Amino acid sequence: MPHLVGIARLASESPTIEAKQRVEYFELPTRRFLSKCDSPRMPFRWMINPYRGCEFGCKYCYARYTHEFMEFREPFDFERKIFVKRFDARTFRRELAGLSSGETIAIGTATDPYQPAESRYRLTRAMLEEFARSAGFRIGLITKSNLIVRDIELFQEIARRHFLTLVITITTLDANLARMLEPMAPRPDLRMAAVRKLSAAGLRVSVNCCPILPLLNDGDTSIDAVAKAAAKAGAVGLGANVVYLKDCAKAVFLPFLDSQFPELARKYRERFSRDAYLRGAYPETIRERVNRIRRRYGLDQAGERPLPALWPADARAAINDDQQLTLFSFESA
């Protein structure tokens, strides 16, 4: 067995806290809960992922590579071995206290913070409770789960203290396609109902129609259906980005296409053979399509946001026009 260091060693020593037929849960010792994002492509500086691994098992998921840091090379380990970070409120509080006012924090960048594990371990809620005791950040949270509505009252308190944006990913309204692509995630209608409830509670919520998959959900009719329902539900924005397939994602997604959409498998292999990203005219075509649909339903009007009621007086200088967290490009394709 190779000598393990860092996160791989911690993962190897993590005790099993529960085992089900399909999924194992482990407790992962954690020194820091905030991770710095150095990518210039991302509109946030700090990331929080309460869990490592994600049970939703989305076939296109780009984040499977994160399990490789723990020496789990089998692609499906990402959805079958879930690591629950050992939470210490005082440590997390100190981390938040060390950030400058106005910092951008994204929750759920690699794994869903409201995946099924959250209903058992309530780790996301424990972190949100600390945000409800602080003030002065720009916070975005993204999920595919309607479990998010459990925390409406907590979000309302957070929104009094921080700029808060909640993002619900709805890849398609086609329930059958969604079940194939995202086998363990809640149905699209349940997610849209969550958008409606969050908006009715006075919370800023956007819909992420992501990823856009060529020849699967990229048509005007498909994107329009999501946008129309999102606007009706009270969403303020719509995001849509073209899928990118790292090797870890291709290892799952391409066999999925072979099984479910064999007529598309060869085209995907050709397009993604040398690059994880699609280049050329296609991304621009999608960008123009999404922008047109946004305008159709008024989902392109970010507008000014009032200062949170409990925003710190000494943090007013941190406000730079409406530089709110455009989480995962939900306000730009």
Side-chain angles (χ1 to χ4, degrees), residues 18 20 22-26 28 30 33 35 37 42 44 46-67 70 72 75-85 87 105-128 131 139-152 154-155 164-172 178-195 197-198 205-211 239 241 243 246 248-249 252-253 325 327-330:
E18 186 178 355
K20 300 192 301 182
R22 181 181 170 275
V23 182
E24 291 181 280
Y25 301 97
F26 304 88
L28 183 67
T30 305
F33 300 97
S35 301
C37 177
M42 295 294 103
F44 47 82
W46 298 97
M47 304 175 291
I48 296 176
N49 289 289
Y51 303 93
R52 293 189 75 100
C54 184
E55 295 174 70
F56 286 157
C58 301
K59 302 300 183 183
Y60 49 74
C61 182
Y62 66 89
R64 294 177 185 273
Y65 76 93
T66 59
H67 256 39
M70 301 186 295
F72 290 109
F76 289 102
D77 282 344
F78 182 74
E79 61 208 57
R80 294 172 182 168
K81 296 182 185 295
I82 306 300
F83 288 81
V84 182
K85 295 182 179 179
F87 186 64
I105 303 172
I107 304 171
T109 55
T111 63
D112 200 298
Y114 283 103
Q115 61 179 286
E118 173 61 17
S119 63
R120 295 175 176 79
Y121 303 113
R122 299 171 70 87
L123 180 53
T124 298
R125 183 175 177 88
M127 294 182 173
L128 293 176
F131 280 114
I139 303 169
L141 181 148
I142 188 165
T143 181
K144 287 188 176 82
S145 178
N146 59 326
L147 179 60
I148 189 175
V149 302
R150 178 199 68 186
D151 294 332
I152 281 178
L154 193 52
F155 286 126
L164 174 68
T165 299
L166 304 173
V167 184
I168 309 294
T169 295
I170 304 175
T171 312
T172 174
R179 179 58 60 208
M180 287 189 281
L181 292 169
E182 305 153 349
M184 300 302 292
R187 299 192 316 263
D189 62 306
L190 296 177
R191 296 182 230 173
M192 196 63 78
V195 174
K197 290 179 182 178
L198 293 166
V205 58
S206 183
V207 167
N208 220 26
C209 184
C210 285
N241 289 316
V243 69
K246 298 183 177 218
C248 61
V252 174
F253 189 69
L325 191 63
L327 186 62
F328 310 106
S329 300
F330 77 80

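In this text the structure is predicted, and so the values were computed from the model without any measurement. Sequence positions, counted from 1, serve as the residue numbers for this chain.
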Chemist: Shortest non-hydrogen contact from Cys58 to Arg64?
Modeler: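 It is O-NH2, 3.0 Å.
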Chemist: Rounded to the nearest 0.5 Å, how far apart are CD1 of Ile168 and NZ of Lys197?
Modeler: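 NZ of Lys197 is found 11.5 Å from CD1 of Ile168.
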Chemist: With distance as the sole test, does Arg125 use its side chain to make a donor-acceptor pair with the main-chain N or O of Leu154 at under 3.5 Å?
Modeler: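 The answer is no, because no donor-acceptor pair under 3.5 Å joins these two groups.
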Chemist: Check for a donor-acceptor pair, side chain of Asn146 on one end and backbone N or O of Arg191 on the other, with a separation under 3.5 Å.
Modeler: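 Not at all, since once roles are kept as given, no pair shorter than 3.5 Å links the two residues.
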Chemist: Is the shortest side-chain heavy-atom distance between Leu141 and Pro113 below 4.5 Å?
Modeler: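 In short, these two side chains touch, coming nearer than 4.5 Å.
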Chemist: Within the 4.5 Å heavy-atom criterion, are Tyr51 and Val84 side-chain neighbours or not?
Modeler: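 Tyr51 vs Val84: side chains touch.
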Chemist: How about Phe253 and Tyr60: are their ring centroids closer than 6.0 Å?
Modeler: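 No, the ring of Phe253 stays outside the 6.0 Å limit from the ring of Tyr60, centre to centre.
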Chemist: For Glu182 and Thr171, test the side chains for any donor-to-acceptor distance below 3.5 angstrom and give the result as yes or no.
Modeler: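 There is such a pair (donor and acceptor under 3.5 Å, judged by atom type) between the side chains of Glu182 and Thr171.
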Chemist: Quick one: are Arg52 and Ile82 in side-chain contact, heavy atoms under 4.5 Å?
Modeler: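 The answer is no; the side chains never approach within 4.5 Å.
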Chemist: Dump the intermediate steps for side-chain contact (heavy atoms from CB on, under 4.5 Å) on Phe87 and Tyr121, then the final yes or no.
Modeler: CA-CA 10 Å; Phe87 186 64; Tyr121 303 113; over 6 Å; no
Chemist: Might you point out which heavy atoms bring Leu123 and Pro50 nearest each other, and give the distance in Å?
Modeler: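 Looking at all heavy atoms of both residues, the closest pair is CD2-O, 2.9 Å.
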Chemist: Check the pair Thr143, Thr169 against side-chain contact (heavy atoms from CB on, under 4.5 Å), reporting the backbone distance first and the verdict last.
Modeler: CA-CA 6 Å; Thr143 181; Thr169 295; over 6 Å; no
Chemist: Between Asp112 and Ser145, is there a side-chain donor-acceptor contact under 3.5 Å, judged purely by atom types and distance?
Modeler: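 Asp112 and Ser145 do not have a side-chain donor-acceptor pair below 3.5 Å.
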Chemist: Mind checking the CG-CD1 spacing from Leu166 to Ile152? Nearest 0.5 Å is all I need.
Modeler: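 If I round to the nearest 0.5 Å, the distance is 9.5 Å.
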Chemist: Please examine the side chains of Trp46 and Ser35, heavy atoms only from C-beta on, and report whether any two atoms are closer than 4.5 Å.
Modeler: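 Side chain of Ser35 against side chain of Trp46, heavy atoms only: no contact under 4.5 Å found.
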Chemist: Are the side chains of Arg187 and Leu190 in touch, meaning some heavy atoms are under 4.5 Å apart?
Modeler: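 Of all side-chain heavy-atom pairs linking Leu190 with Arg187, at least one is under 4.5 Å.
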Chemist: Can you tell if the side chain of Phe155 reaches within under 4.5 Å of the side chain of Ile148, non-hydrogen atoms only?
Modeler: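 SC-SC contact between Phe155 and Ile148 confirmed.
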Chemist: Looking only at heavy atoms, what is the nearest atom pair of Phe56 and Pro116, with distance?
Modeler: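 Minimum heavy-atom contact is CE2-CD, 3.4 Å.
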Chemist: Give me the atom names and distance for the closest heavy-atom approach of Lys144 to Pro186.
Modeler: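 Smallest interatomic distance, heavy atoms only, reads O-CD, 3.5 Å.
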Chemist: Are Ile107 and Ile142 packed together at the side-chain level, in the sense that at least one heavy-atom pair is separated by less than 4.5 angstrom?
Modeler: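 Contact flag for Ile107/Ile142 side chains = no.
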Chemist: Would you call Arg22 and Glu79 a salt bridge, using N to O less than 4.0 angstrom?
Modeler: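 The answer is yes: the pair qualifies as a salt bridge.
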Chemist: Any donor-acceptor pair under 3.5 Å linking the side-chain atoms of Tyr114 with those of Asp151?
Modeler: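 Yes.
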Chemist: If you count the non-hydrogen atoms of other residues, nucleotides and ligands that lie under 6.0 Å from CE in Met184, is the total more than 12?
Modeler: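 12 or below, so no.
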Chemist: In the structure I gave you, are the side-chain heavy atoms of Glu55 and Phe78 within less than 4.5 Å of one another anywhere?
Modeler: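 They are not in side-chain contact.
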Chemist: Test Phe83 against Lys85 for side-chain contact (heavy atoms from CB on, under 4.5 Å), laying out the working first.
Modeler: CA-CA 6 Å; Phe83 288 81; Lys85 295 182 179 179; over 6 Å; no
Chemist: Between Leu147 and Thr124, does a side-chain contact (heavy atoms from CB on, under 4.5 Å) hold up when you go through it step by step?
Modeler: CA-CA 11 Å; Leu147 179 60; Thr124 298; over 6 Å; no
Chemist: I need the minimum non-hydrogen distance between Leu198 and Val205, along with the two atoms involved.
Modeler: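 Shortest heavy-atom contact: CD1-CG2, 4.2 Å.
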Chemist: Could I get the full list of salt bridge (Lys or Arg N to Asp or Glu O under 4.0 Å) partners for Arg150, not counting sequence neighbours?
Modeler: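 Partners of Arg150 by the salt bridge (Lys or Arg N to Asp or Glu O under 4.0 Å) criterion, ordered by chain and then number, come out as Glu118.
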